[in-house]
Amino acid sequence: MTLDEKIGMVRGVGQFSSRCVGNISPPSRSFVVSGTNITIPPLCFNDGPAGIRLGGSNVTGFPPAINVAATFNRSMMYARGVAIGEEFRGKGIHVYLGPAVDIMRNPKAGRGWEGFGPDPYLGGEGAYQTIMGVQSVGVSACTKHLGPYNQEHWRYGLNVNVDDRTFRELYWWPFMKSVEANVSALMCAYNQVNGTSSCHNAALIGEEGYLRSEGFQGFVVSDWGATHDSAADNANAGLDMEQPGDYILIGGGVYAGLEAAVDLGEVTGARLNEMVTRILTPWLRLGQDQGFPETNFNAQDPDGTDALNLNVNVRTDAHTALVRQIGSASAVLLKNNRTTSTATGTTIRGLPLSKSIKTIAVVGQDAQQLNLDCGGGLNECNDGTMIIGWGSGSNNVEFTVPPIDAITDFVQDFATVSSDITSNDLTGGPAVAEGKDLAIVFANAMSGELGFYNIVDGNEGDRNDLDLWWKGGSLIEDVAAVCNNTVVVIHSVGPVPMSSWNNHPNITAIIYAGAPGEQTGPALIDVLWGAVNPSGRLPFSIDDDEASYGTSIVYGIDPFPVIDYTEGLFLDYRYMDSQDITPVYEFGYGLSYTTFSYSSLSVEASASSASFSFVLTNTGSVEGAEIPQLYLGFPSSAGEPDKVLRGFDNIFLASGEKQTVTVTVSQKEMSIWDVVSQAWVVPSGTFNVYIGASIKDIRLTGTFTI
Ligand code: NOJ
């Protein structure tokens, strides 16, 4: 390639100058390599983590990662990756801008739902499976945002100070798993890390930096507009590609100076060759040079009406079914006071619902169809049912089946539905609920990306508080006051306060349904009427008070704060454990319509791996899946939190069935990052092993000594 051709490979063409949110200018000629004719097409980069954004019509609205995390189900994580990859491929998108693996450091973090929550192990498994799935169909994945990038306020320049060990064990971990999955690309973030912008931070992305020293062979691409400084600074720090190529918001466009920098010798020809090689190698490795569909949509046309947008149908029945399946598998049953007979007769309360329930009230605006045309592909409003947050991590929500439609349709032969769902009316809602056999009350909370300063009801990306929106908490209390069989459904991007109503005797069940994607209604029906036995587990702890989480969002008025991650390894359940804080519902928690017992733990461990076997029995009367979780207690000298998640499985058992389950832990998973030797080291001493149904519901314990 000529110098010009190489520059075209590493420099974006401009956010609004291509059919994708990012693109490059490949050489206009073909090359013959080892007898094969190779023509490099414009490489199409597009959002985002939960399916195609700005893809025109006929795309699926997948659930975001936070709900996939709540399934604790690796095969579903993988299947979602495959399905997303198929849709990206069908539209001719070479690089999927996902998964997002940013740790939910604070529950109000605007983009927390785009990732897998606050636990690095769960995030690592989610990232690994997603990438394996997406790349299995020949689409490159791009894990983002390195990071750490954990709040929206001041994201374009805030500085995170994080120590080496915390970075490796928490924030880096899902990136490390991405490297293990052979991810094609990593995206550096907007903010600074330890005093230097992520995208020219050699300690992160350079030859001697974290990601190269852990074996990453793909390319590093900037977040959109995350480059500052000179072309030489960025290229020499390790940035292989700049996107979108022009100046947006507060940065970008620096590779306009790259050719001059090479001419002047500030960037060597060898470095430029390396950049091009790293971009082209995944393209070839995934076979994108053979039979990859041409880009056939237009990201500049969210409505899908212009001529460049062919609106190729990439939806399939299988994708729709999978979204419904993930929706029900991610629903977390938090409370279920089931009674099958009462003093007055045989009314059945709690879940699963019975067809003997004849009068149903549906209350809350979160039950109704959401505004499908909100923010030009950014979903910038909380208007109707909440299925995904706003910003680039949203898909351009095209289609959903809202709860009200699904419920009305499902019960038409055996019950009547009355509703009050146009707003959270504290008079109308209770009035409809009074005297009914059942009231289902919906409430939600939402957050998103700051992006082009997207502010929804005063929330600049990060939530202003943990509360349910639109007085949702009051609505729940007022409905419960008048209906003694009230079922609460929460759609939220993260924890919300619950203690003012969760123990109300008239609230017979609570489902935390998260952000379930387009099949939200049918997925909920499956759980409510028992076609699916719930097995979702909380991917974070739920408590009323932000102080229980040990971190905060820095709002403030002075630009670009310095945020010291002084909490170290202690986030969410790790922090609560260390402070003896009992949350309302803890990490890993979730009920089922059946019960499980755990017995006969055996431990086999050496310094290179450990395996733990136990017998799991379905002791209840219906089939269902249990999520056994393995928490490791490191030797006290290691300075780790008391318990850290290091394994889980998803085991489906018929009533009465039992199975021996084995969970293995690798050497790295038994290691801590040793800052002195700069290596993963298994600490010597006695490890505690905790196996159970949540961080607080430990059923079996053991030890081993290294
Ligand atoms: C900025 C976001 O931070 C990133 O996640 C996204 O992929 C790009 N914009 C492109 O839309």
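Predicted model only: the values in this text are computed from it and were never measured. Throughout, numbering of the chain's residues begins at 1 and tracks the sequence.
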task: May I ask you to test the N159-F560 pair for a side-chain heavy-atom distance under 4.5 Å?
output: no

Short side-chain to backbone donor-acceptor contact, D163 and T166, under 3.5 Å: yes

- prompt: Do I103 and W172 touch side chain to side chain, with heavy atoms closer than 4.5 Å?
  reply: no

message: I need the full list of disulfide (SG to SG under 2.5 Å) pairs touching residues 156-248, with sequence neighbours left out, sorted by first then second residue.
response: C188-C199

query: Does the side chain to side chain contact (heavy atoms under 4.5 Å, CB included) test come out yes or no for M241 and S222, once each step is laid out?
result: CA-CA 7 Å; M241 178 187 287; S222 71; over 6 Å; no

- request: Might you point out which heavy atoms bring K108 and N464 nearest each other, and give the distance in Å?
  value: NZ-O, 3.9 Å

message: Enumerate the salt bridge (charged side-chain N to carboxylate O under 4.0 Å, His left out) contacts for residues 84-93, please, sequence neighbours excluded, ordered by first and then second residue.
response: none

statement: The side-chain contact (heavy atoms from CB on, under 4.5 Å) partners of P641 (sequence neighbours excluded) come to L569, F570, R574, V644

query: Any disulfide (SG to SG under 2.5 Å) pairs touching residues 202-250, not counting sequence neighbours?
result: none

message: Determine whether a donor-acceptor pair (N or O, by modelled atom type, separation under 3.5 Å) exists between the side chain of S394 and the backbone of G391.
response: no

- request: Take Y565 and N150 through the test side-chain hydrogen bond (donor to acceptor under 3.5 Å, both in side chains) and record every step on the way to the result.
  value: CA-CA 11 Å; Y565 284 19; N150 309 107; 2.6 Å; yes

message: If the threshold is 4.0 Å, N to carboxylate O, is there a salt bridge linking E259 and R11?
response: no

Closest non-hydrogen atom pair between A181 and Y128, with its separation: CB-CD1, 3.6 Å

query: Can you check whether G138's main-chain N or O pairs, donor with acceptor, with Q288's side chain at less than 3.5 Å?
result: yes

- request: Show your reasoning for whether side-chain hydrogen bond (donor to acceptor under 3.5 Å, both in side chains) applies to S184 and Q135.
  value: CA-CA 9 Å; S184 294; Q135 296 196 164; 3.2 Å; yes

field: Which residues share a side-chain contact (heavy atoms from CB on, under 4.5 Å) with V675, sequence neighbours left out
entry: D164, R165, W673, Q678

- request: Taking T277 for its side chain and N273 for its backbone only, find out whether a donor-acceptor pair lies under 3.5 Å.
  value: yes

query: Where do V13 and S25 come nearest, in terms of heavy atoms and distance?
result: CG1-OG, 3.3 Å

- prompt: Do the side chain of N23 and the main chain of L43 share a donor and acceptor less than 3.5 angstrom apart?
  reply: yes

message: Please enumerate all residues that pass ring-ring contact (aromatic ring centres under 6.0 Å, His included) together with H153, with sequence neighbours excluded.
response: Y555

- prompt: Listed by chain and number, what are the salt bridge (charged side-chain N to carboxylate O under 4.0 Å, His left out) partners of E266, not counting sequence neighbours?
  reply: none

- prompt: Is there side-chain contact between L239 and V221, with at least one heavy-atom pair below 4.5 Å?
  reply: no

query: With a 4.0 Å cut-off, would you call K144 and D47 a salt bridge?
result: yes

Atom CD of E214: over 12 foreign heavy atoms under 6.0 Å: yes

query: Is there a donor-acceptor contact under 3.5 Å linking the side chains of N234 and T227?
result: no

task: Compare every heavy atom of N459 with every heavy atom of W390, then report the nearest pair and how far apart it is.
output: CZ2-O, 3.4 Å

- prompt: What are the two closest non-hydrogen atoms of D572 and Y549, and how far apart are they?
  reply: OD2-CE2, 3.6 Å

- prompt: Which residues satisfy the side-chain contact (heavy atoms from CB on, under 4.5 Å) test with E5, sequence neighbours excluded?
  reply: M1, T2, P27, R29, F31

message: Between C44 and F88, is there a side-chain heavy-atom distance shorter than 4.5 Å?
response: no

message: Going by ring-ring contact (aromatic ring centres under 6.0 Å, His included), name the residues that satisfy it together with H145, two or more places apart in sequence or in a different chain.
response: Y149

message: Any heavy-atom pair between the side chains of L97 and F45 that's under 4.5 Å?
response: yes

Stepwise side chain to side chain contact (heavy atoms under 4.5 Å, CB included) test for N382 and D457: CA-CA 8 Å; N382 183 0; D457 196 45; over 6 Å; no

- prompt: Taking all atoms of both residues into account, what is the closest heavy-atom pair of P41 and W283, and its distance?
  reply: CD-CZ2, 3.4 Å

message: Filter on salt bridge (charged side-chain N to carboxylate O under 4.0 Å, His left out), then keep only pairs touching residues 559-568, sequence neighbours left out; what's left?
response: R105-E567

Nearest-0.5 Å distance that lies between atom CG in L146 and atom CG in D223: 11.5 Å

- request: Would you check if the side chain of S178 reaches a backbone N or O of V183 as a donor-acceptor pair within less than 3.5 Å?
  value: no

- request: Apply side chain to side chain contact (heavy atoms under 4.5 Å, CB included) to the pair T130 and F116, showing each step before the final yes or no.
  value: CA-CA 11 Å; T130 305; F116 299 88; 3.7 Å; yes

- prompt: Can any side-chain N or O of D462 pair as donor or acceptor with the backbone N or O of A109 at less than 3.5 Å?
  reply: no

- prompt: Does the side chain of N161 come within less than 4.5 Å of V562's, by heavy atoms?
  reply: yes

Full working for side chain to side chain contact (heavy atoms under 4.5 Å, CB included) between M187 and W224: CA-CA 9 Å; M187 187 190 291; W224 272 228; 3.8 Å; yes

- request: Using the side-chain hydrogen bond (donor to acceptor under 3.5 Å, both in side chains) rule, take S197 and Q192 through it: C-alpha gap first, then chi angles, then the decisive distance, then the call.
  value: CA-CA 4 Å; S197 287; Q192 299 183 14; 4.6 Å; no

- request: Look at the rings of W173 and W680 and say which category their plane angle falls in: under 30° parallel, 30 to 60° tilted, over 60° perpendicular.
  value: perpendicular

- request: Only one of D102, I563, V160 passes side chain to side chain contact (heavy atoms under 4.5 Å, CB included) with P148; say which it is.
  value: V160

- request: Could you tell me the separation between the OG atom of S140 and the NE2 atom of H94, rounded to the nearest 0.5 Å?
  value: 9.0 Å

message: Check whether Q151 reaches the backbone of V554 with its side chain - one donor and one acceptor, N or O, closer than 3.5 Å.
response: yes

- request: Taking the side chain as every heavy atom from C-beta outward, state whether F297 and C20 have any pair of such atoms under 4.5 Å apart.
  value: yes

message: Is it the case that the side chain of N309 and the backbone of T305 share a donor-acceptor pair, with hydrogens and angles ignored and the cut-off at 3.5 Å?
response: no

- request: Not counting sequence neighbours, which residues clear disulfide (SG to SG under 2.5 Å) with C142? List them please.
  value: none

query: Is the shortest distance from a Lys or Arg side-chain nitrogen in R155 or E460 to a carboxylate oxygen in the other one below 4.0 Å?
result: no

statement: Contacts satisfying salt bridge (charged side-chain N to carboxylate O under 4.0 Å, His left out) that involve residues 225-244 (not counting sequence neighbours) are R212-D240, D240-R271, D240-R278

Donor-acceptor contact below 3.5 Å, side chain N201 vs main chain A237: no

- prompt: Would you call the rings of Y156 and Y190 parallel, tilted or perpendicular if under 30° counts as parallel and over 60° as perpendicular?
  reply: perpendicular

